[in-house]
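Order of listing sets the numbers, starting from 1, for every ligand and every atom in it. Along the sequence shown, the residues carry numbers beginning at 1.
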Amino acid sequence: MKRAAAGLLLFMLAAPAPAQEIYELLLKGGHVVDPKNRRNERLDIAVSAGKIRKIARGIPAAHGRRVVDVSDYYVTPGLIDIHAHFDAHGDPHSLNPDHNALRNGVTTAVDAGSSGWKTFEAFKSNVIDHASTRVLAFVNIVGGGMSGIDNEQDPGAMDPEAAARIARKYPETIVGIKTAHFQPATWDAVDRAVKAAELSKTIVMVDFQPKPGRGYRELILEHLRPGDIHTHVYGRVTPQLDERKVVRDYMWEARKRGVLFDVGHGAGSLWFRIAAPAVKQGFLPDTISTDIHKRSIMISRATMTNVMSKFLAMGMTLEQVIERSTINPARAIQRAELGSLEEGGVADIAVLEVRTGDFAFLDSGRAKLTAGKEIRCVLTVRNGQVVWDSEGLSVADWRDTGAYTNFK
Ligand SMILES: [Zn+2]
């Protein structure tokens, strides 16, 4: 036994030390908040070839080709915005994904029904396939998608089989079915969307306006299935609170059934007078999302970090806010491999600053909430590449670089 052990030791001494991998990118000293893995501590993250290679304390700076000191910041999984509207080819209400997602730390954004089952393929080839952001989609139950409110009222344009067919054809991109803006007092839009989701084994996201005989309570207790999402949960048109501003029993009951409640801020759907009392009573959103479009980014500044800041200001903890912007949305859209930091997983990472000072946030009703903190994205890594760096954290001072030629 002794001899064998001695032999092994000799062998180990004689063997060359394994070559240390030099990582392409090393984020050092950041406060990592990764709710899925219950990380809430200072850790280094090493990245190479689009993947996270190592998450640990004290990875030597010598092991990184590009070392970024992020010790003043929080480091989180790339944010996931499950309610956005993107379209780079002329839709007057839509925005370019990369310009609006990546600079706010969003590495995965889900277009919520801008395109329908007839127009999805054009949307995919014109927009999704050209984006650096991972753009996924809820496909609209209306064939033409959101091409004007009048076009979204005809049940004849809502075909569950056709919507399911396109969802099944592109399972890597389509996460579910969207219905929105439907005015007639019937269940056609919701029930056809649910049918399409059943046929394609996906989920539904509903934008809902109650009508006589078509109530919100029935929507969330009877028509939606566990895993389906009501977006605009703190909007003005659905009755979440009673006259005393108490969250109604059926909200809790629906949550118990597994119905999910999404923020979907948008131009008209976040009201502090509804959201603040609900949050105070513990009715937090399951997912934080922007409903970003050309109008909502203006007065109410409905970007991801702004919406997160608003919920931080309404009393949620930073960890709760990050959980609802990373792993919760990943699970909601059945992409559980996203929304966390994993060795061997894709390197989608957000570096966030929580600034202190005097800040003001505007809601959909043009009212103001003042706060002492604001969340801002300073650096975004998508698929291992730095795609946003507002403070120049990943580059050297020009005076130290000689005749630099880093332009790509
Ligand atoms: Zn929307």
A.B. asks: For F120, which of D111, N140, I128 qualifies under side-chain contact (heavy atoms from CB on, under 4.5 Å)?
C.D. replies: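 When side-chain contact (heavy atoms from CB on, under 4.5 Å) is applied between F120 and each of D111, N140, I128, only I128 qualifies.
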
A.B. asks: Restricting to N/O/S atoms, is D291 within less than 2.8 Å of the Zn ion (ligand 1) or not?
C.D. replies: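 It does; at least one qualifying atom falls short of 2.8 Å.
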
A.B. asks: Applying side chain to side chain contact (heavy atoms under 4.5 Å, CB included) to K178 and V204, what does each step give before you reach the verdict?
C.D. replies: CA-CA 6 Å; K178 177 80 187 287; V204 173; over 6 Å; no

A.B. asks: Are any non-hydrogen side-chain atoms of S48 and E21 less than 4.5 angstrom apart?
C.D. replies: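 Touching, per the 4.5 Å side-chain cut-off.
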
A.B. asks: With a cut-off of 2.8 Å, does H293 place any N/O/S atom under that distance from the Zn ion (ligand 1)?
C.D. replies: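 No, H293 does not qualify, because none of its backbone or side-chain N, O or S atoms lies under 2.8 Å.
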
A.B. asks: With under 30° as parallel and over 60° as perpendicular, where do the rings of Y250 and Y216 fit, or are they tilted in between?
C.D. replies: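 Because their plane-to-plane angle is over 60°, the rings of Y250 and Y216 count as perpendicular.
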
A.B. asks: Once rounded to 10 degrees, what value does the angle at the Zn ion (ligand 1) take between NE2 (H85) and NE2 (H83)?
C.D. replies: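 Seen from the Zn ion (ligand 1), NE2 and NE2 are separated by roughly 100°.
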
